[in-house]
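Position 1 is the first residue of the sequence, and the numbers go up from there.
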Amino acid sequence: MKWESTHPARQSTVGNAVGLTMAGPFDLRGYTLLRDPRHNKGLAFSEAERDAHYLRGLLPPALASQELQEKKIMHNLRQYTVPLHRYIAMMDLQERNERLFYKLLIDNVEELLPVVYTPTVGEACQKYGSIYRRPQGLYISLKDKGKVLEVLKNWPERSIQVIVVTDGERILGLGDLGCQGMGIPVGKLSLYTALGGVRPSACLPITIDVGTNNETLLNDEFYIGLRQKRATGQEYHELLEEFMTAVKQNYGEKVLTQFEDFANHNAFDLLAKYSKSHLVFNDDIQGTASVVLAGLLAALKVVGGTLADHTYLFLGAGEAGTGIADLIALEMSKHTDAPIDDCRKKIWLVDSKGLIVESRKESLQHFKQPWAHAHEPLKTLLEAVESVKPTVLIGTSGVGRTFTKEVVEAMASFNEKPVIFALSNPTSHSECTAEQAYTWSQGRAVFASGSPFDPVEHEGKVHVPGQSNNAYIFPGFGLGVVISGAIRVHDDMLLAASEALAEQVTDEHFAKGLIFPPFTNIRTISARIAAKVAAKAYELGLASRLPRPDDLVKYAQSCMYTPTYRNYR
């Protein structure tokens with residue numbers, strides 16, 4: 001079986017160098033073809049295709065275009081009242097008809113993004129053992145120690161470009177979900193394809209199972225992972241070292257490995273350890289930072305001033321909080337030429353013990369120490385707000401409703417337009433709701449959240465809350481890394497992604513209160529981010545794909561996977 005394409009990039013060697021499928025022979029036919037999700041078209045097989053590929057009688061006689069199939073599935077999805085049921089229906093579709101799944105997701109991104117990713121993916125991970133049907137990724141456990149390379153070779157695809165890996169210890173704000181964290185790599189990679197155009201066969205979701213400390217899961221008869229407490233220390237790091245070595249050995253230098261939802265104590269160490277020797281990226285630390293920085297750069301056009309003119313207070317000093325703080329300081333330093341240590345003094349963090357100050361420095365984890373400034377100890381967020389008087393308040397605590405009425409009112413008392421980002425996921429863990437932020441600030445807040453909130457009407461004006469969703473950044477960032485053949489991730493590439501995203505917020509968006517562009521244009525946004533990231537990789541001498549294309553935006557667009565059906569001959 002062969003498919004024909006009229007798209008010139010599909011036939012070019014350059015396009016294929018970044019992973020676009022070539023026309024070629026297939027052995028699939030008849031019943032096997034209908035069971036192959038990559039090539040199955042269901043009722044969209046033409047009369048000629050049904051004859052040529054032994055499908056006659058295996059399908060009802062009706063013909064249905066991809067557009068009609070899409071209409072039917074969206075109608076069916078909207079009948080479900082439980083979000084998890086929509087998630088299961090989407091996963092079933094992905095396993096049955098890959099191109100239709102991605103077409104649906106691309107064309108209905110704002111409606112379906114919360115279904116395939118946060119907040120619904122959180123519940124899916126909690127119940128993953130009960131809804132598990134067939135493997136969607138690769139499971140590597142302590143049982144595979146010494147054989148990780150063999151396990152990687154069991155995956156049917158050879159040309160892998162992006163891996164998303166988790167050990168399931170810190171899934172969203174839900175904690176240790178062990179092996180059931182697989183829903184996160186699966187969801188992230190579906191967005192790499194739908195939003196960033198990385199072809200599905202080049203994406204590999206991986207869960208590293210080292211046990212779980214979640215007693216509920218250990219006692220659940222449907223749990224699908226190792227029934228033991230988490231391995232730590234040498235045993236843990238030896239398995240991770242074997243995994244990282246095997247990835248490079250099997251897939252080469254240019255495979256992007258994204259660490260996802262590792263607990264703080266491992267996330268920072270893994271990123272620091274492997275960033276010099278591997279192409280690695282941590283979305284919780286770097287992706288979150290990049291999208292939040294983009295939101296702040298856009299918000300400056302509403303509130304005025306430069307990054308350096310503002311004072312920042314974070315609730316939460318883990319991966320996300322310190323990652324965002326670092327990138328803000330880096331961007332500030334870049335534009336003011338001030339030393340980064342001076343820039344850090346504009347940024348304050350509150351953790352579970354209160355304001356991070358100099359007198360606490362010796363007891364702090366290493367990643368918190370740069371943020372310990374000279375100040376009296378303060379125990380509560382409200383005390384910190386009243387003392388530091390921030391212009392920007394950012395929540396990454398994972399604890400819901402911690403931006404209380406008193407906190408928001410205090411922010412509004414000394415800021416004409418207080419910037420309030422409640423970023424924790426899922427929605428139930430958000431530091432405050434959009435309605436609370438607008439109501440308690442008399443409609444003056446510039447608000448963004450990690451999970452989506454509906455528009456809010458306050459005193460006759462409709463406010464559209466921004467969603468500081470990492471999906472704005474990581475798909476385009478990943479595409480930029482792939483098309484440039486980058487061999488390392490550099491902080492300047494993250495800054496380039498932030499600036500590219502902020503540039504795409506227009507006056508029309510600002511008029512609605514938006515500080516992020518609508519997701520309806522996400523593929524265009526991703527192509528522009530990819531171009532800026534790739535340009536920076538070339539500038540830094542980190543790109544291996546030569547010669548550099550003249551128009552990186554057009555090149556990025558030409559390399560993006562498109563899920564329209566192919567004609568088989």
Side-chain angles (χ1 to χ4, degrees), residues 285-315 320-350 370-371 373-375 384-385 387-396 410-423 437 441 444-448 466 468 472-473 490-517 525 528-529 532-533 535-536 539:
I285 299 171
Q286 297 166 298
T288 300
S290 187
V291 74
V292 173
L293 176 58
L296 290 173
L297 293 174
L300 293 178
K301 296 173 187 174
V302 178
V303 301
T306 66
L307 274 182
D309 295 329
H310 289 268
T311 303
Y312 307 83
L313 179 65
F314 286 76
L315 178 63
T322 55
I324 298 164
D326 267 325
L327 209 60
I328 293 171
L330 203 64
E331 180 81 349
M332 215 185 283
S333 175
K334 176 183 165 186
H335 288 283
T336 61
D337 292 325
I340 196 156
D341 285 342
D342 289 353
C343 296
R344 285 187 176 124
K345 289 171 183 172
K346 304 280 291 180
I347 304 169
W348 299 80
L349 278 68
V350 172
W371 311 103
H373 308 317
H375 197 286
V385 168
S387 179
V388 172
K389 290 190 165 39
T391 50
V392 179
L393 179 64
I394 298 174
T396 61
M411 283 291 294
S413 70
F414 47 78
N415 290 301
E416 177 58 32
K417 291 180 177 176
V419 178
I420 298 174
F421 285 7
L423 302 178
S441 66
R444 292 187 279 118
V446 177
F447 178 81
S468 181
Y472 277 115
I473 290 288
H490 190 282
D491 284 340
D492 284 356
M493 293 158 69
L494 297 166
L495 296 180
S498 299
E499 291 165 6
L501 177 56
E503 285 167 6
Q504 292 173 80
V505 188
T506 65
D507 289 339
E508 183 185 342
H509 300 144
F510 289 130
K512 296 177 183 175
L514 286 169
I515 54 172
F516 292 98
I525 293 167
R528 289 176 180 164
I529 290 171
K532 286 288 180 75
V533 169
K536 186 58 70 173
E539 182 186 320

Is there a donor-acceptor contact under 3.5 Å from the side chain of [X] to the main chain of [Y]?
X	Y	value
His373	Ile347	yes
Ser468	Ala448	no
His509	Thr506	yes
Asn415	Pro390	yes

Using side-chain heavy atoms (C-beta onward) and a distance below 4.5 Å, is [X] in contact with [Y]?
X	Y	value
Tyr472	Pro517	yes
His310	Val303	yes
Ile515	Val446	yes
Lys346	Ile328	no
Leu423	Phe314	no
Leu330	Cys343	no

So which heavy atom on [X] is nearest to which on [Y], and how close?
X	Y	value
Asp491	Gln286	OD1-NE2, 4.4 Å
Ala445	Ala437	CB-O, 3.8 Å
Ala374	Trp348	O-CH2, 3.8 Å
Ser290	Ile473	OG-CD1, 3.5 Å
Thr288	Ala320	CG2-CB, 4.1 Å
Pro418	Ala412	CG-CA, 4.0 Å

- Task: Check salt bridge (charged side-chain N to carboxylate O under 4.0 Å, His left out) between Lys334 and all other residues, then give those that pass, not counting sequence neighbours.
- Result: Glu499
- Sequence neighbours excluded, which residues qualify as salt bridge (charged side-chain N to carboxylate O under 4.0 Å, His left out) partners of Arg344? Asp326, Asp341
- Message: Under the criterion side-chain contact (heavy atoms from CB on, under 4.5 Å), I'd like the reasoning laid out for His335 against Thr306: C-alpha separation, chi angles, the key distance, then a yes or no.
- Response: CA-CA 9 Å; His335 288 283; Thr306 66; over 6 Å; no
- Has Lys512 got more than 12 heavy atoms of other residues, nucleotides or ligands less than 6.0 Å from its NZ? no
Gap between atom [atom2] of [Y] and atom [atom1] of [X] - 0.5 Å precision:
X	Y	atom1	atom2	answer
Lys345	Ile340	NZ	CD1	13.0 Å
Met493	Ser498	CE	OG	12.5 Å
Leu315	Leu349	CG	CG	9.5 Å
Glu331	Thr336	CD	OG1	10.0 Å
Met411	Leu393	CE	CG	5.0 Å

- Applying side chain to side chain contact (heavy atoms under 4.5 Å, CB included) between Leu501 and each of Leu293, Ile529, Leu297, report the one that passes. Ile529
- Message: Looking only at side-chain N and O atoms, does Ser387 offer a donor or acceptor that is under 3.5 Å from a partner on His375?
- Response: yes
- Query: Should the pair Phe421 and Phe516 be assigned to parallel (<30°), tilted (30 to 60°) or perpendicular (>60°) ring geometry?
  - Reply: tilted
- Item | Chi angles and distances behind the side-chain hydrogen bond (donor to acceptor under 3.5 Å, both in side chains) call for Thr391, Thr311 | CA-CA 5 Å; Thr391 50; Thr311 303; 5.1 Å; no
- Do Lys532 and Glu503 sit within salt-bridge range, that is, some charged N less than 4.0 Å from a carboxylate O? yes
- Please identify each residue that fulfils ring-ring contact (aromatic ring centres under 6.0 Å, His included) with Tyr312, with sequence neighbours left out. none
